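Here is the structure we will look at, set down as structure tokens.
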Amino acid sequence: MAMEVGFLGLGIMGKAMATNLLRKGFKLTVWNRTLSKCDELVEIGASVGETPAAVVKKCKYTIAMLSDPSAALSVVFDTDGVLEQIVSGKGYIDMSTVDVDTSSKISEAITSRGGYFLEAPVSGSKKPAEDGQLVILAAGEKALYEEAIPFFDVLGKKSFFLGQVGNGAKMKLVVNMIMGSMMNAFSEGLVLADRSGLDSKTLLDVLDLGAIANPMFKLKGPTMIQNNYSPAFPLKHQQKDMRLALAQGDAISVSMPVAAAANEAFKKAKSMGLGDLDFSAVYETVKHLQHSS
Ligand SMILES: NC(=O)C1=CN([C@@H]2O[C@H](COP(=O)(O)OP(=O)(O)OC[C@H]3O[C@@H](n4cnc5c(N)ncnc54)[C@H](OP(=O)(O)O)[C@@H]3O)[C@@H](O)[C@H]2O)C=CC1
Ligand SMILES: O=CC(=O)O
């Protein structure tokens with residue numbers, strides 16, 4: 001009989017990941033705060049749990065993919081939350097991007113009730129999630145990591161076990177801090193080229209042939225120059241990652257002036273109402289700064 005797995009959070013990432021698990025034959029029980037988002041998964045064979053607690057009660061393993069620290073904490077600690085049904089032998093795998101403190105609080109609560117905890121944030125966006133090509137940055141209970149490999153094999157192209165709880169969160173925030181800074185440098189370059197009378201498409205071709213070619217510029221460049229910001233990675237989540245990465249640096253006195261400036265640009269973009277668009281919409285903020293100067 002196929003193993004029953006729980007899945008909490010069916011946003012852009014969670015929906016794609018849960019769909020892949022279902023298609024690969026796992027029996028899935030899903031929950032989402034906005035319950036109607038479960039319907040599409042039910043159509044392809046999922047069951048619905050009315051609450052996170054109901055999902056955990058039914059499943060030996062439960063995976064979560066939630067927006068931010070407050071969502072991750074709420075789903076575990078609130079009434080009808082994960083913690084109410086965690087008992088010895090159950091595993092909880094949180095794949096959301098959060099900070100070390102959040103992950104540690106969840107880990108302590110789960111393990112104090114005899115459960116197993118693994119943090120497993122991912123690198124890769126909507127398309128890699130749909131294609132099962134994520135990079136998984138796991139840390140926590142090694143035994144649970146090994147038991148979770150069949151899930152990770154479906155969801156990702158590579159998984160890393162990074163040791164104690166917190167190391168997955170830290171690695172993910174380092175990666176996304178670099179990504180957010182790169183997106184800002186890229187946006188400034190696109191504006192500089194345009195204002196200098198250069199063709200944006202030619203700039204993309206030049207970049208793609210040189211030493212700083214990368215999949216992100218290649219994927220996002222063409223849509224950015226068409227002002228298309230259909231969300232793959234929502235800007236509000238990228239700003240959350242910059243904020244959490246800066247706090248990670250703050251705690252150990254690592255100075256990051258480039259990341260701090262990038263964070264300001266993402267904050268500005270949020271204040272312009274762009275938070276639900278793709279993070280590449282920070283380009284609009286860079287353009288706007290030129291207009292207002
Ligand atoms: N999109 C991407 O490219 C990537 C995202 N990530 C990370 O993955 C996580 C999910 O991202 P993504 O799927 O894009 O985000 P979405 O905004 O599309 O989905 C967020 C999910 O969190 C749920 N949620 C939000 N607040 C709460 C709450 N208080 N209680 C319960 N559930 C809540 C939402 O429920 P509801 O439907 O009810 O709003 C939804 O299911 C984030 O941590 C993000 O940083 C990591 C790699 C790539
Ligand atoms: O967290 C976002 C990503 O693209 O990875």
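Counting convention: from 1, in listed order, for ligands and their atoms alike. Bear in mind the structure is a predicted one, so any value in this text is a computation, not a measurement. Just the heavy atoms: all of them, side chains too, but no hydrogens, waters or symmetry mates, feed the values below.
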In terms of atom number and element, which parts of ligand 1 are under 4.0 angstrom from non-hydrogen atoms of [X]?
| X | value |
| --- | --- |
| Ala232 | 1 (N), 2 (C), 3 (O) |
| Gly9 | 41 (O) |
| His237 | 11 (O), 14 (O), 15 (O), 16 (P), 17 (O), 45 (O) |
| Gly124 | 47 (C), 48 (C) |
| Val75 | 31 (C) |
| Leu10 | 41 (O) |
| Lys37 | 36 (P), 37 (O) |

Apply the test salt bridge (Lys or Arg N to Asp or Glu O under 4.0 Å) to residues Lys220 and Asp278: give CA-CA distance (whole Å), side-chain angles for both, the deciding distance (0.1 Å), then the verdict.
CA-CA 10 Å; Lys220 300 291 179 184; Asp278 192 68; 3.1 Å; yes
If you draw the axis of the six-membered ring of Tyr283, does the NZ or CZ of Lys287 fall within 45° of it and under 6.0 Å from the ring centre?
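Because its charged atom sits under 6.0 Å from the ring centre and within 45° of the axis, Lys287 does stack over Tyr283.
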Is the Lys NZ or Arg CZ of Lys158 less than 6.0 Å from the centre of Phe160's six-membered ring, within 45° of the axis?
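Yes, a cation-pi geometry.
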Which residue and non-hydrogen atom of the protein lie closest to [atom], and at what distance in Å?
| atom | value |
| --- | --- |
| atom 3 (O) of ligand 1 | Ser125 OG, 2.6 Å |
| atom 38 (O) of ligand 1 | Thr34 OG1, 2.5 Å |
| atom 8 (O) of ligand 1 | Met65 CE, 3.1 Å |
| atom 19 (O) of ligand 1 | Gly11 CA, 3.3 Å |
| atom 24 (N) of ligand 1 | Ser67 OG, 3.9 Å |
| atom 13 (O) of ligand 1 | Met13 N, 2.8 Å |

Which value, rounded to the nearest 0.5 Å, describes the distance between [X] atom [atom1] and [Y] atom [atom2]?
| X | Y | atom1 | atom2 | value |
| --- | --- | --- | --- | --- |
| Thr51 | Gln85 | OG1 | CD | 8.0 Å |
| Leu173 | Met242 | CG | CE | 10.5 Å |
| Cys59 | Tyr92 | SG | OH | 12.5 Å |
| Lys105 | Asp99 | NZ | CG | 7.5 Å |
| Leu204 | Lys218 | CG | NZ | 9.5 Å |
| Phe151 | Leu21 | CZ | CG | 7.5 Å |

Does any non-hydrogen side-chain atom of [Y] lie less than 4.5 Å from one of [X]?
| X | Y | answer |
| --- | --- | --- |
| Val122 | Met65 | yes |
| Glu130 | Thr19 | no |
| Val5 | Lys27 | no |

Mind checking whether Tyr145 and Phe152 have parallel, tilted or perpendicular rings, split at 30° and 60°?
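Geometry flag for Phe152 against Tyr145: tilted rings.
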Does a side-chain N-to-carboxylate-O contact under 4.0 Å join Lys268 and Glu264?
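The answer is no: the pair does not qualify as a salt bridge.
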Sequence neighbours excluded, which residues qualify as salt bridge (Lys or Arg N to Asp or Glu O under 4.0 Å) partners of Lys60?
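Partners of Lys60 by the salt bridge (Lys or Arg N to Asp or Glu O under 4.0 Å) criterion come out as none, since no residue qualifies.
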Note down each nitrogen or oxygen pair, ligand 2 side and protein side, whose separation is under 3.5 Å; give only atom names and the distance to 0.1 Å.
residue: ligand 2; atom: 1 (O); partner: Lys172; partner atom: NZ; Å: 2.8
residue: ligand 2; atom: 1 (O); partner: Asn176; partner atom: ND2; Å: 2.8
residue: ligand 2; atom: 5 (O); partner: Gly124; partner atom: N; Å: 2.8
residue: ligand 2; atom: 5 (O); partner: Gly124; partner atom: O; Å: 3.4
residue: ligand 2; atom: 5 (O); partner: Lys172; partner atom: NZ; Å: 3.0

Is it the side chain (CB and beyond), the backbone, both or neither of [X] that lies under 4.0 Å from ligand 1, heavy atoms counted?
| X | result |
| --- | --- |
| Lys15 | neither |
| Leu66 | both |
| Arg33 | both |

Would [X] count as a contact residue for ligand 1, given that I'm defining contact as a non-hydrogen atom of the residue lying under 4.0 Å from a ligand atom?
| X | result |
| --- | --- |
| Pro121 | no |
| Pro234 | yes |
| Lys240 | yes |

Heavy-atom count around Gln164 CD within 6.0 Å, excluding the residue itself: above 12?
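Open.
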Of the listed options (Asn32, Thr97, Ile12), which comes nearest to atom 35 (O) of ligand 1 when hydrogens are ignored and any heavy atom counts?
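Considering heavy atoms of Asn32, Thr97, Ile12, the nearest to atom 35 (O) of ligand 1 sits in Asn32.
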